[in-house]
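Note sheet for the following structure.
Note on naming: letters A, B, ... go to the chains in the order of the sequence lines (proteins, then strands), and numbering restarts at 1 for each one.
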There are 2 protein chains.
Amino acid sequence: MGSDNGDGNNPAQCRVREVLDLVADKWSLYTVSYLGDGPRRFTELKRGIDGISQRMLTVTLRGLERDGILIRTVYQVMPPHVAYELTPMGKSLLPATAPLIEWTSQHLARIDQAREEYDKRSLAQPLAVAR
Amino acid sequence: MGSDNGDGNNPAQCRVREVLDLVADKWSLYTVSYLGDGPRRFTELKRGIDGISQRMLTVTLRGLERDGILIRTVYQVMPPHVAYELTPMGKSLLPATAPLIEWTSQHLARIDQAREEYDKRSLAQPLAVAR
DNA sequence: CGGAATCCGCGCAGATACTG
DNA sequence: CAGTATCTGCGCGGATTCCG
């Protein structure tokens with residue numbers, strides 16, 4: 001991984017980055033992982049994914065639907081009922097995102113610590129120099 | 001995975017998302033994976049990560065350094081020489097990001113296909129309805 | 001309930017110019 | 001070579017309102 005980057009600027013790498021930009025943003029990652037347990041309704045997602053606005057939830061869900069990662073099902077009743085669930089491709093994404101989410105939660109403390117030290121150093125010395 | 005989200009809005013989830021937002025953006029993911037093979041210099045990274053501007057590379061590298069994911073070593077010579085390499089924590093991040101990058105490159109074609117179909121459908125019918 | 005539409009601020013990120 | 005500094009714009013995303 002990474003060792004296949006010997007070729008400088010190639011279009012394939014650019015495409016990967018483009019899709020990565022969509023699938024690997026905070027909201028998409030969290031939404032997909034949240035749908036891992038099964039279908040959810042709009043309001044469930046909004047309440048479950050904390051900090052997301054209904055606008056960003058809508059935008060995120062539309063993007064994931066467009067990419068074929070989830071499907072949106074509308075039941076024509078009153079009050080409206082809309083269910084979101086992962087497609088097979090979406091489910092295949094789960095084991096790819098899980099390690100990253102797990103890593104993040106496991107390294108929260110160490111990252112906080114590293115930040116504090118970095119900020120302290122930045123105040124003391126303007127630049128760290130090797131000899 | 002995801003099943004631990006039964007509790008609606010909790011501060012821990014918010015923190016995970018916060019760090020995720022930093023570590024899981026396109027530039028950081030690609031930079032870390034690119035450093036997986038060993039130390040690289042600034043210009044090597046700029047040429048290797050296609051589409052990145054020197055400003056975004058600098059910003060990304062600073063953020064990763066601050067989080068303790070890579071270390072920056074300056075050799076005081078002319079011309080200047082700066083090396084970036086992953087810390088142990090940075091290396092532990094590699095196996096967490098690799099699956100996502102691999103998944104993305106493997107599903108590029110199917111995502112493109114899904115988008116085309118979605119865009120075609122959107123033009124035909126204003127809304128898909130379940131019965 | 002599950003959005004769509006609109007308004008709007010501010011922060012991300014590109015472009016350019018300059019330095020040790 | 002490896003940045004920093006400054007300016008700028010435009011798009012992300014929050015808040016609010018309205019609708020089927």
Side-chain angles (χ1 to χ4, degrees), chain A residues 9 14 17-18 20-31 34-35 39-66 70-85 122 125-131, chain B residues 9 14 17-18 20-31 34-35 39-66 70-85 122 125-131:
Chain A
N9 303 7
C14 184
R17 218 199 56 240
E18 180 193 327
L20 211 56
D21 197 23
L22 293 167
V23 84
D25 83 308
K26 54 180 175 184
W27 299 129
S28 296
L29 275 177
Y30 238 82
T31 303
Y34 202 87
L35 287 173
R40 297 279 182 241
R41 303 181 55 168
F42 187 86
T43 308
E44 286 182 282
L45 289 168
K46 179 152 166 35
R47 270 194 296 248
I49 305 168
D50 99 305
I52 198 170
S53 63
Q54 74 258 66
R55 186 183 178 277
M56 286 321 296
L57 181 55
T58 302
V59 170
T60 301
L61 289 171
R62 284 294 180 281
L64 292 173
E65 186 194 4
R66 180 167 182 256
L70 57 79
I71 46 175
R72 175 174 180 265
T73 308
V74 180
Y75 300 93
Q76 287 294 52
V77 294
M78 275 302 283
H81 184 139
V82 179
Y84 295 90
E85 65 179 318
S122 301
Q125 328 168 17
L127 204 65
V129 175
R131 178 144 301 278
Chain B
N9 303 7
C14 184
R17 218 200 55 242
E18 179 193 328
L20 211 55
D21 197 24
L22 293 167
V23 84
D25 82 309
K26 54 181 174 182
W27 299 128
S28 296
L29 275 177
Y30 236 83
T31 302
Y34 202 88
L35 287 173
R40 296 279 182 242
R41 302 181 56 168
F42 186 86
T43 308
E44 285 183 282
L45 290 167
K46 180 154 165 31
R47 270 195 296 249
I49 304 168
D50 99 306
I52 198 169
S53 64
Q54 76 260 50
R55 186 182 178 279
M56 286 321 296
L57 180 55
T58 302
V59 170
T60 301
L61 289 170
R62 284 295 180 282
L64 292 173
E65 185 193 5
R66 179 167 182 257
L70 57 79
I71 46 174
R72 175 175 180 269
T73 309
V74 179
Y75 300 94
Q76 286 295 51
V77 294
M78 276 302 283
H81 185 138
V82 179
Y84 295 90
E85 64 180 319
S122 300
Q125 329 167 16
L127 205 65
V129 175
R131 175 144 305 276

Revision key, fill the gap. B:F42 CZ to D:dA2 C1', in whole Å, measures 6 Å

Exercise for review: Could you tell me whether a side-chain N or O of A:S28 sits under 3.5 Å from a main-chain N or O of A:A24, the two making a donor and an acceptor?
Suggested key: no

Practice item. Please determine if a side-chain N or O atom of A:Y84 lies less than 4.0 Å away from the OP1 or OP2 oxygen of C:dC1. Key: no

Check your understanding: Residues in side-chain contact (heavy atoms from CB on, under 4.5 Å) with A:S53, at least two apart?
Key -> A:R55, A:M56

Practice item. If the plane angle is over 60° it's perpendicular, under 30° parallel, otherwise tilted; pick one for A:Y84 and A:F42. Key: tilted

Check your understanding: Within the pair A:R41 and C:dC1, is there a side-chain N or O less than 4.0 Å away from OP1 or OP2?
Key -> no

Can you tabulate the close N/O pairs, meaning under 3.5 Å, that link protein atoms to atoms of nucleotides 15-20 of chain C?
none

Point to revise | Partner residues of A:R66 under the salt bridge (charged side-chain N to carboxylate O under 4.0 Å, His left out) criterion, sequence neighbours left out | key: B:D119

Exercise for review: Quickly work out the B:L45 CG to D:dA2 C1' distance and round it to whole Å.
Suggested key: 12 Å

**Study point:** d(CZ, B:R62; C1', D:dT4) in whole Å
**Key:** 9 Å

Review point. For A:L57 and D:dC12, what is the distance between atoms CG and P respectively, to the nearest whole Å?
Key: 17 Å

Exercise for review: Would you kindly compare B:L61 and A:W27 by the position of their nearest DNA chain D nucleotide and give the one closer to the 5′ end?
Suggested key: B:L61

Study note, to complete from the structure: From CZ of A:R47 across to P of C:dG3 the rounded distance in Å is 14 Å

Check your understanding: For the pair made of CD in A:Q76 and C1' in D:dG20, what is the distance, rounded to whole Å?
Key -> 9 Å

Revision key, fill the gap. Paired with B:L70, the side chain to side chain contact (heavy atoms under 4.5 Å, CB included) test is passed by just one of B:E65, B:R62, B:E85, namely B:E65

Point to revise | A:L35 CG to A:E44 CD distance, which is reported to the nearest 0.5 Å | key: 9.5 Å

Point to revise | Terminal helix-axis angle for the helix from C:dC1-D:dG20 to C:dG20-D:dC1, with five pairs defining each axis and rounding to 10 degrees | key: 50°

Practice item. Let me know the distance between CZ of B:R40 and P of D:dC1, rounded to the nearest Å. Key: 16 Å

Practice item. Using whole Å, report how far CE of A:M56 lies from P of D:dT16. Key: 18 Å

Practice item. Could you please spell out the steps behind the side chain to side chain contact (heavy atoms under 4.5 Å, CB included) verdict for A:Y30 and B:L20? Key: CA-CA 9 Å; A:Y30 238 82; B:L20 211 55; 4.0 Å; yes

Exercise for review: Pick out which of B:L45, B:T31, B:V82 makes a side chain to side chain contact (heavy atoms under 4.5 Å, CB included) with B:R40.
Suggested key: B:L45

Review point. Any side-chain heavy atom of B:T60 sitting closer than 4.5 Å to one from B:I49?
Key: no

